[in-house]
Participant: 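Here it is, the structure in full.
The figures here come from the full heavy-atom set of this structure, side chains too, leaving out hydrogens, waters and symmetry mates.
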Amino acid sequence: MRGISFQAPLELTLRLEGESWRQGDLILGELQAKNRGSKPVALDDLRVVLADGTLKRVHAKAPKAFDILSTEKIGSGTTLEPGAEKSFPLKFQLDVNSPITDVSGSPFALYGAGPDDKLGQLQLPVSVNLAVQELLDRLKVTFRFVLKHSKSRKSGIENKFIPPDGKNFSAVEHLQIESRIEGQDLLLRYQFTIKKVDGTAGPLAVNKKVVELEDRLAPTQYLLASGRF
């Protein structure tokens, strides 16, 4: 993946290994700076910033579009002569509970020098970690639930499912699972919205009831010795 930004007199090219990532992944790459001006340029403020962006604000170039997650300064003590260029290797770690890319937001790599809102922007497609992805796949393949959305929340990733047609899950209107990693444990909070027929007070009526459950799975409960889920 590559992004290019012109911040006079610098031409900046951000190259990252890969096109998409998962929560907890290590992102590797480099930032190349080229001095297009006629005077030397100090790169002390050159940096790459990992940020969580609200897409509506990002597209509108509105203030406070990003929440800064981490910053890596890479140009300290370096001066670039006119016409010269230099590449800086970089790496940054996505948190195991990092925000993911959804309909309203996404992680971004911001790069360059100066105010954060003037930096180059490269959107990073990020999905849930492998342990959670395995759970979602089991629900979709084995139980034929349909995933409607996955969204980043402060408390974890919200995954909303619609049950399949048929008698087995006819009482379930939808299932919502919130997932996050705590230490090495996989913490899951299930919220079933249940349709329940109530005939105790006159005519039959269908009411809704929310049933909540919680699971905390240690690695020995969701991983085999081989590392397979």
Side-chain angles (χ1 to χ4, degrees), residues 1-8 10-32 45-74 90-133 135-137 139-140 145-162 174-181 187-189 191:
M1 178 177 287
R2 183 178 72 165
I4 298 176
S5 177
F6 295 93
Q7 300 171 27
L10 296 176
E11 176 186 322
L12 302 171
T13 304
L14 178 64
R15 296 185 179 90
L16 301 178
E17 298 179 11
E19 296 294 327
S20 62
W21 298 269
R22 292 189 181 276
Q23 293 174 305
D25 279 356
L26 179 66
I27 300 179
L28 301 174
E30 67 173 12
L31 180 62
Q32 181 186 72
D45 194 32
L46 191 64
R47 64 196 186 278
V48 176
V49 177
L50 181 62
D52 183 29
T54 302
L55 295 179
K56 185 176 181 180
R57 287 181 172 273
V58 173
H59 296 155
K61 298 181 179 180
K64 298 182 179 180
F66 296 100
D67 290 326
I68 305 303
L69 303 176
S70 65
T71 300
E72 183 174 353
K73 291 191 173 182
I74 56 178
L90 61 93
K91 62 180 179 179
F92 47 96
Q93 185 82 43
L94 290 175
D95 189 87
V96 71
N97 292 307
S98 162
I100 63 170
T101 301
D102 57 29
V103 295
S104 60
S106 176
F108 278 78
L110 311 179
Y111 57 98
D116 288 338
D117 60 355
K118 301 298 183 183
L119 300 180
Q121 302 172 3
L122 186 61
Q123 186 174 348
L124 307 177
V126 176
S127 56
V128 296
N129 63 68
L130 282 173
V132 175
Q133 186 62 60
L135 171 70
L136 303 185
D137 289 344
L139 284 168
K140 289 187 289 185
F145 274 63
V146 178
L147 181 63
K148 299 300 291 183
H149 69 242
S150 294
K151 291 183 178 180
S152 295
R153 304 294 188 198
K154 289 185 178 180
S155 55
I157 303 301
E158 174 190 289
N159 307 282
K160 185 174 182 179
F161 285 90
I162 301 298
H174 67 258
L175 164 62
Q176 187 169 293
I177 303 176
E178 185 180 275
S179 61
R180 67 179 288 108
I181 301 292
L187 183 64
L188 302 167
R189 293 189 179 95
Q191 186 181 86

Participant: Atom CD1 in I181, atom CG in N97: separation rounded to 0.5 Å?
Facilitator: 6.5 Å
Participant: What heavy-atom pair brings R189 and S155 nearest, and what distance separates the two atoms?
Facilitator: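 Reported closest heavy-atom pair: NH1-O, 4.5 Å.
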Participant: For residues F108 and L55, determine if any side-chain heavy atom of one lies less than 4.5 Å from a side-chain heavy atom of the other.
Facilitator: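 The answer is yes; the side chains approach within 4.5 Å.
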Participant: Would you compute the distance between atom OG1 of T54 and atom NZ of K64 and round it to the nearest 0.5 angstrom?
Facilitator: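 Interatomic distance, T54 OG1 to K64 NZ, rounded to 0.5 Å: 12.0 Å.
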Participant: Using a 3.5 Å distance criterion without hydrogens, assess whether the side chain of Q176 forms a donor-acceptor pair with backbone atoms of K160.
Facilitator: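 A pair under 3.5 Å: no.
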Participant: Does the side chain of K140 reach to within under 4.5 Å of the side chain of F161, using non-hydrogen atoms?
Facilitator: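 The answer is yes, as the side chains (C-beta and beyond) meet within the 4.5 Å cut-off.
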Participant: Consider side-chain contact (heavy atoms from CB on, under 4.5 Å). Of T13, I4, L12, L14, which one does Q32 pass it with?
Facilitator: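 The side-chain contact (heavy atoms from CB on, under 4.5 Å) with Q32 is passed solely by T13 among T13, I4, L12, L14.
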Participant: Taking the side chain as C-beta and beyond, is there a heavy-atom pair between V132 and I177 under 4.5 Å?
Facilitator: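 When only atoms from C-beta onward are counted, I177 and V132 do not touch, as no gap falls below 4.5 Å.
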Participant: Measure the OG-CG distance between S106 and D52 for me, rounded to the nearest 0.5 Å.
Facilitator: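 These two atoms lie 7.5 Å from each other.
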Participant: Considering only heavy atoms from C-beta outward, does the side chain of L135 approach that of N159 to under 4.5 Å?
Facilitator: no
Participant: Is it the case that the side chains of Q133 and S127 hold a donor-acceptor pair, with the cut-off being a distance below 3.5 Å and no angle test?
Facilitator: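 S127 vs Q133: no donor-acceptor pair found between side chains.
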Participant: For side chain to side chain contact (heavy atoms under 4.5 Å, CB included), just list the numbers for V58 and Q121, CA-CA rounded to whole Å, side-chain angles, deciding distance to a tenth of an Å, and then say yes or no.
Facilitator: CA-CA 9 Å; V58 173; Q121 302 172 3; 3.5 Å; yes
Participant: Is any side-chain heavy atom of D67 closer than 4.5 Å to a side-chain heavy atom of P99?
Facilitator: no
Participant: Mind listing the closest non-hydrogen atom pair of T101 and P125 along with its distance?
Facilitator: OG1-CA, 3.4 Å
Participant: Apply the test side chain to side chain contact (heavy atoms under 4.5 Å, CB included) to residues L136 and V128: give CA-CA distance (whole Å), side-chain angles for both, the deciding distance (0.1 Å), then the verdict.
Facilitator: CA-CA 10 Å; L136 303 185; V128 296; 4.2 Å; yes
Participant: Between the main-chain N or O of P107 and the side-chain N or O of Q123, is there a donor-acceptor pair closer than 3.5 Å?
Facilitator: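 Checking the backbone N and O of P107 against the side chain of Q123, no donor-acceptor pair under 3.5 Å is found.
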Participant: Do the charged groups of D116 and R47 touch, with an N to O distance under 4.0 Å?
Facilitator: yes
Participant: Is any side-chain heavy atom of I157 less than 4.5 Å from a side-chain heavy atom of N129?
Facilitator: no
Participant: When you check the gap from the basic side-chain N to the acidic O, do K151 and E158 get nearer than 4.0 Å?
Facilitator: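 Salt bridge between K151 and E158, a charged N being under 4.0 Å from a carboxylate O: no.
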Participant: To the closest 0.5 Å, what do you measure between NZ (K148) and CG (L175)?
Facilitator: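 Output value for this atom pair is 13.5 Å.
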Participant: To the nearest 0.5 Å, how far apart are CG in L69 and CD in Q93?
Facilitator: 13.0 Å
Participant: Which heavy atom of D102 sits nearest a heavy atom of S150, and at what distance?
Facilitator: CB-O, 3.3 Å
Participant: For the residue pair L124 and W21, what are the closest heavy atoms and their distance?
Facilitator: CD2-CZ3, 4.0 Å
Participant: Kindly indicate whether the side chain of K118, heavy atoms from C-beta on, has any atom under 4.5 Å from the side chain of Q7.
Facilitator: no
Participant: Would you check if L94 and Q23 make a side-chain contact, meaning some heavy-atom pair closer than 4.5 Å?
Facilitator: no
Participant: Show your working on side chain to side chain contact (heavy atoms under 4.5 Å, CB included) between L187 and S179 and close with a plain yes or no.
Facilitator: CA-CA 6 Å; L187 183 64; S179 61; over 6 Å; no
Participant: Shortest non-hydrogen contact from A51 to I68?
Facilitator: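 For A51 versus I68, the nearest heavy atoms are CB-CD1, 4.1 Å.
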Participant: Identify the two heavy atoms, one from Y111 and one from G3, that lie closest to each other, and give their separation to 0.1 Å.
Facilitator: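 Scanning both residues, the minimum pair turns out to be OH-C, 3.1 Å.
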